[in-house]
Structures are given as structure tokens and as C-alpha cells.
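Below: the structure, in C-alpha cells.
Because only heavy atoms are used, hydrogens play no part in the values below, and waters and symmetry mates are left out as well, while side chains stay in.
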Amino acid sequence: MTQVIKIQPEITVTLPEGKVLIDEDEYNRLKEDELFKQWGFDDLRAAVLNKASWWVTQEITSKYRDELSIENGGFVRYPSTNGVPWRMDAHKMSDWLKENWDKLDWEAKRLGGK
């Protein structure tokens, strides 16, 4: 959608396709939100094509816990007890998934046969 802004005396500025004007405060808020974006467990599931919860746990969060946990310098805060939400740095997790996509066992069977 092309936006046209008319300023008196009759100056027309046409913004390129895909560009919009927003208030600086709104821009800064959006930028900050994006910088500190966090995911929960369901966001992680969505990032891996909505694989089952058991698969995400088995093939990512348990298998790579030593690497991912903030306790070891990673970026995932594992729940300490039931009811405590997962928290992970969305950007770092997204980057990790891109780097490790080929290592994930997409055809894995559930351990224990459940």
C-alpha cells in the first residue's frame, strides 16, 4: 500500500511500497520489545512446526539441556517446579534452531513407547 503525504504548500511525498511512518515513541517501544522478546514452551513448539510436546522435550530441551540452560551460560530458563513457565531468549533460541536444524531428529519415536 503506497502512502501519500501532502504538506502545504502542495509538497507531495510518496513513500515506497512497504514503508510506513510511525511516531518515534512507538518505534522505540517496538524496537525495545523486539530486543527483549522471550518465548515460552509453546512458542518453541510453534518454531519447530508444532511438533508434539514430548518431541520438543525429548529432542531439544532435554537432549541439549547442558548447552541451552542459563545455569551453564545458555539462554533457556528451565522451570524449577510445575507451574513455573519456561522462558528463553527468542532471538538466541531462533538462532540456535537455525544452526542445529539438521541435527534434530525429526523422525524420532517417543522414548518409552508412550
What pair of heavy atoms forms the shortest contact from [X] to [Y], and how long is it?
{"X": "I60", "Y": "V48", "value": "CD1-CG1, 3.9 Å"}
{"X": "M88", "Y": "G40", "value": "CE-O, 4.0 Å"}
{"X": "L111", "Y": "Q58", "value": "N-OE1, 2.9 Å"}
{"X": "T61", "Y": "Y78", "value": "O-OH, 2.6 Å"}
{"X": "L97", "Y": "A47", "value": "CD1-CB, 3.8 Å"}

(Q) According to a hydrophobic-cluster definition based on side-chain heavy atoms being under 4.5 Å apart (Ile, Leu, Val, Met, Phe, Trp, Tyr only), do L49 and Y64 belong together? (A) yes
Q. In terms of hydrophobic clustering (I, L, V, M, F, W, Y; side-chain heavy atoms under 4.5 Å; direct or indirect links), are I70 and M93 co-clustered?
A. no
Q. Can you tell me how far the CG atom of D89 sits from the CZ atom of F36, to the nearest 0.5 Å?
A. 9.5 Å
Q) Within a strict 4.5 Å, meaning less than it, do heavy atoms of the N28 and E24 side chains meet? A) yes
Q: List the steps and the verdict of side-chain contact (heavy atoms from CB on, under 4.5 Å) for K51 and W106.
A: CA-CA 9 Å; K51 293 292 274 184; W106 296 97; 4.0 Å; yes
Are the side chain of [X] and the backbone of [Y] linked by a donor-acceptor contact shorter than 3.5 Å?
{"X": "W55", "Y": "K109", "answer": "no"}
{"X": "D23", "Y": "E26", "answer": "no"}
{"X": "T57", "Y": "S53", "answer": "yes"}

Q) Does CD in E71 sit with more than 12 non-hydrogen atoms of other residues, nucleotides or ligands closer than 6.0 Å? A) no
**Q.** Exceeds 12 heavy-atom contacts within 6.0 angstrom, atom CZ of R45
**A.** yes
Q) Between W96 and E67, does any side-chain donor sit less than 3.5 Å from a side-chain acceptor? A) yes
Q: Decide side-chain contact (heavy atoms from CB on, under 4.5 Å) for L44 and W86; before the verdict, give the C-alpha distance in whole Å, the side-chain angles of both, and the deciding distance to 0.1 Å.
A: CA-CA 10 Å; L44 176 56; W86 288 79; over 6 Å; no
